[in-house]
Every structure is written in structure tokens, then in C-alpha cells.
Protein chains: 2
Amino acid sequence: MELDDVDWKLLDLLQRDGRMTFTELAKRVSLSAPATTERVRRLEQAGVVTGYAAVVDPQRLGLPIEAIVRVRVRSLDTPRFRERVVTMAQVRDADHVTGDDCWLLRVVCRSMVELEGFVEQAQRYGDTTTSLVFSSHVRNRPITREVVDGIVYR
Amino acid sequence: MELDDVDWKLLDLLQRDGRMTFTELAKRVSLSAPATTERVRRLEQAGVVTGYAAVVDPQRLGLPIEAIVRVRVRSLDTPRFRERVVTMAQVRDADHVTGDDCWLLRVVCRSMVELEGFVEQAQRYGDTTTSLVFSSHVRNRPITREVVDGIVYR
DNA sequence: GTTGAAAGCAGGAGGGT
DNA sequence: ACCCTCCTGCTTTCAAC
């Protein structure tokens, strides 16, 4: 799919404010509302935009602990690991990656004791390495045209 | 802030569909539209909901490579690392964490060559460990009441 | 919390370039 | 293919309760 300036502008606006109305979007890209709606629908149907989500602050919800748990899952145990650990509600991200620690989990917890319990579960499927998150400096940074067009390395 | 069943239901709905209209939300929680709007505004002002975002698929945008780069940044170099690496457009997440690898970056790239270039930049500030993402099994899983109320470990 | 009216928005039809 | 304007029906918002 080919994206022009307007599509990129729309992607940028919607990544920053997913609830912006089509009328407002239309103003920002200097098009009529129907034309704007049409473009957004095309982005959705092309699978470029896969959805919209409210961004929630775990801290404010009583989840002060955030951690990255790396798990070196034994390959035979992978199905059970996926069923019994990856599915746990504390797991916000789970990626299968290359390297020794083949799974990377981002976890939120109410307390260190709960994190301890989580890690104990994960340990059943392989060795773990846990890092506590001090601070998140970037979260879900919008993807901009410069990344895709490679204006980054000049 | 105290959240009741309705607030949790709204949080759940909005985390899954950030563009759901207030009238639709109202139907789902069996309240009037103004009452529903009022509750969502309260969640926003309390900082529980920090925003709304379109979810975009990097693959469809010509960014087939996703990687986790761990960087053991020398403490004296941290300010420059934050300025010159964390700010790069390829960086979607950046967390400062405990442990030897004190920074964790989630990066998207057009090619392995570009990733190589990125890692070379990061290397200037400390040793790096790079893992390529095979597949993401969970991304930004909604935070539900069970996590916060701890129904998970019974 | 509710209702109800006014203003604003979304989505279709039809037409122009 | 792409965009426009107009029109209808929803959605949002505000006031009054």
C-alpha cells in the first residue's frame, strides 16, 4: 500500500489522539470530512491501523511494580508456558525472541511478593532473569514517516 | 481513586475499542449517555486513562524488523544516551531498568542493515545485547479488574 | 443519576474533476 | 481514482430536574 503525505498525517494524528473526530481530522489535513473518513477506512482495511485503544496508567490503578521477565523456556515446555504463563493477566507484553532468553514478558504487579509469585510460576518452564522497571521514557512511540522513509540516517 | 464495576467495564471497553462512542458505551453499561461521559471524563482527569491511540502494524508500513536492544549504559554517558539514542524515531519503547543491562529498547527497522546501524550507535554508550522478535504473542494487554484485585492468585 | 433540546458529527447519495 | 457538497440520522453536550 502506498501512503501519501495526507495518509501519514492522519496516521500521526490518530496515533496521538485515537478519538479525534473525522471532522477535526479533516480540518487538520485540509480535506472534506467524507474524504478523510474514506482514507482512514482504507488504512484500517489495509491492516495499517489494526485498532484503537485507551492508554491506561497501571500506577494509578494500584499496580506500582512493572518488570521485564526474560525466560529461557525449554522447547518442550513451550506449549505449556504459552498456556499457563503468557496468558496470565499480569502479562502486558509477551514476545518470542532470538537469543538465550527466548521469551520476554512485560509484567505489572501489585507488590514485590506478587512478582515473586509470578516469577516462581515462570521458573517452572525455564531459567528467568527479572529486571524491575525504574521508569519508562518512551511507550508506544508513534511510527512516523521518517522511520519508514529512512530520513533518520542521513 | 475508587473504581466500581461500571468504571471497570468502561476501562475494559475503551482499552479494547478506544473509539467506541459514548452512546454505545452507555448501552453496554446500562447508563444514560451523559452519565457515561461523566465517568469517562473522571477516569481521564484522575490520570487513569492517559490518552487514546490508534494501534498501527509496523510490518504493513515496511518495518519488518523488530528487536529488543539491551544497553549497559555507563552512568556518565546516560544524558547523552538519552538525548541521542532514546530519542531516535526507531525506538518505540525505552525503559530504564534494574540489573546489568540498564536500558531496554524496543526498536523497529526497515532492514537488518539499519538495525546494525542502530546498534552501532547504541554501542557508543555501552555494551549491547540484541534479540530479534520472532513474534509478539501479547501486546498491550488490557488491564482488568482481576489483576488489580488479585483474583489471579487464589 | 435522568431526560430532552440544540449543536455538532458521521455516513450515504450524487456529481464534478 | 479522488475529491466535493448536501442531506439525513446519530452522537454529544448542556441545561433543568
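The structure displayed is predicted, hence computed values, not measured ones. Reminder, nothing fancy here: chain letters follow the sequence lines and each chain counts from 1.
- A heavy atom lying under 4.0 Å from DNA chain C marks none of the residues of residues 4-15 of chain A.
- Taken over five-pair windows at either terminus, the axes of the helix from C/dG1-D/dC17 to C/dT17-D/dA1 are inclined to one another by 30° (rounded to 10 degrees).
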Exercise. Passes side chain to side chain contact (heavy atoms under 4.5 Å, CB included), A/Arg92 versus B/Ile143? Steps please.
Worked result: CA-CA 8 Å; A/Arg92 298 215 66 204; B/Ile143 292 176; 3.6 Å; yes

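- Within the structure, every pair that satisfies the ring-ring contact (aromatic ring centres under 6.0 Å, His included) test and touches residues 84-108 of chain A, not counting sequence neighbours, is listed here: A/Phe81-A/Trp103, A/His96-A/Trp103, A/His96-B/Phe134, A/Trp103-B/His137.
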Please produce a list of atom pairs where a protein N or O lies less than 3.5 Å from an N or O of nucleotides 5-7 of chain C.
none

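- Hydrophobic clustering, with ILVMFWY side chains joined whenever heavy atoms are under 4.5 angstrom apart, groups B/Met112 together with B/Phe118.
- Closest approach of B/Leu31 to B/Arg39, counting heavy atoms only: CD1-NE, 3.7 Å.
- Looking only at side-chain heavy atoms (C-beta outward), B/Leu132 and B/Leu115 come within less than 4.5 Å of each other.
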Check: residues 18-28 of chain B side-chain donor-acceptor pairs under 3.5 Å, at least two apart:
{"unit_1": "B/Arg19", "atom_1": "NH1", "unit_2": "A/Gly18", "atom_2": "O", "d": "2.7"}
{"unit_1": "B/Arg19", "atom_1": "NH1", "unit_2": "A/Met20", "atom_2": "O", "d": "3.0"}
{"unit_1": "B/Arg19", "atom_1": "NH2", "unit_2": "A/Met20", "atom_2": "O", "d": "3.1"}
{"unit_1": "B/Thr21", "atom_1": "OG1", "unit_2": "B/Glu24", "atom_2": "N", "d": "3.1"}
{"unit_1": "B/Glu24", "atom_1": "OE2", "unit_2": "B/Arg28", "atom_2": "NE", "d": "2.7"}
{"unit_1": "B/Glu24", "atom_1": "OE2", "unit_2": "B/Arg28", "atom_2": "NH2", "d": "3.1"}

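- Between A/Arg145 and the choices A/Asp5, A/Asp4, A/Asp7, the salt bridge (Lys or Arg N to Asp or Glu O under 4.0 Å) rule is met once, by A/Asp5.
- With sequence neighbours left out, the side chain to side chain donor-acceptor pair (under 3.5 Å) criterion links A/Ser136 to B/Asp95.
- DNA chain D lies under 4.0 Å from at least one heavy atom of each of the following residues of residues 39-53 of chain B: B/Arg41.
- Counting heavy atoms from C-beta outward, A/Thr87 and A/Glu83 have side chains that stay 4.5 Å or more apart.
- Of all the residues in residues 16-37 of chain B, B/Leu31, B/Ser32, B/Pro34, B/Ala35 reach under 4.0 Å from DNA chain C with at least one non-hydrogen atom.
- Nearest approach of B/Val85 to B/Ala122, heavy atoms of both residues: CG2-CA, 4.2 Å.
- The one candidate from A/Arg82, A/Arg84, A/Arg80 that meets the side-chain hydrogen bond (donor to acceptor under 3.5 Å, both in side chains) condition with A/Tyr125 is A/Arg84.
- For A/Val56 against B/Thr50, the heavy-atom pair with the smallest separation is N-OG1, 4.4 Å.
- Screening residues 33-77 of chain A for ring-ring contact (aromatic ring centres under 6.0 Å, His included) gives no qualifying pairs among residues at least two apart or on separate chains.
- Using a 4.0 Å cut-off between charged nitrogen and carboxylate oxygen, B/Arg41 and B/Glu44 count as a salt-bridge pair.
- First and last contacts of DNA chain D with chain B, using any nucleotide atom under 4.0 Å from a protein heavy atom and ordered 5' to 3', fall at D/dT11 to D/dC14.
- Evaluation of the side chain to side chain donor-acceptor pair (under 3.5 Å) rule for A/Gln123 yields A/Thr128 as partners, not counting sequence neighbours.
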For this session: Go through B/Val49 and B/Val40 one step at a time and tell me if the side chain to side chain contact (heavy atoms under 4.5 Å, CB included) criterion holds.
Result: CA-CA 8 Å; B/Val49 172; B/Val40 174; 6.0 Å; no

Check: residues 69-76 of chain A side-chain donor-acceptor pairs under 3.5 Å, at least two apart:
{"unit_1": "A/Arg70", "atom_1": "NE", "unit_2": "A/Asp101", "atom_2": "OD2", "d": "2.8"}
{"unit_1": "A/Arg70", "atom_1": "NH2", "unit_2": "A/Asp101", "atom_2": "OD2", "d": "3.4"}
{"unit_1": "A/Arg74", "atom_1": "NE", "unit_2": "A/Asp77", "atom_2": "OD2", "d": "2.7"}
{"unit_1": "A/Arg74", "atom_1": "NH2", "unit_2": "A/Asp77", "atom_2": "OD2", "d": "3.0"}
{"unit_1": "A/Arg74", "atom_1": "NH2", "unit_2": "A/Arg124", "atom_2": "O", "d": "2.7"}

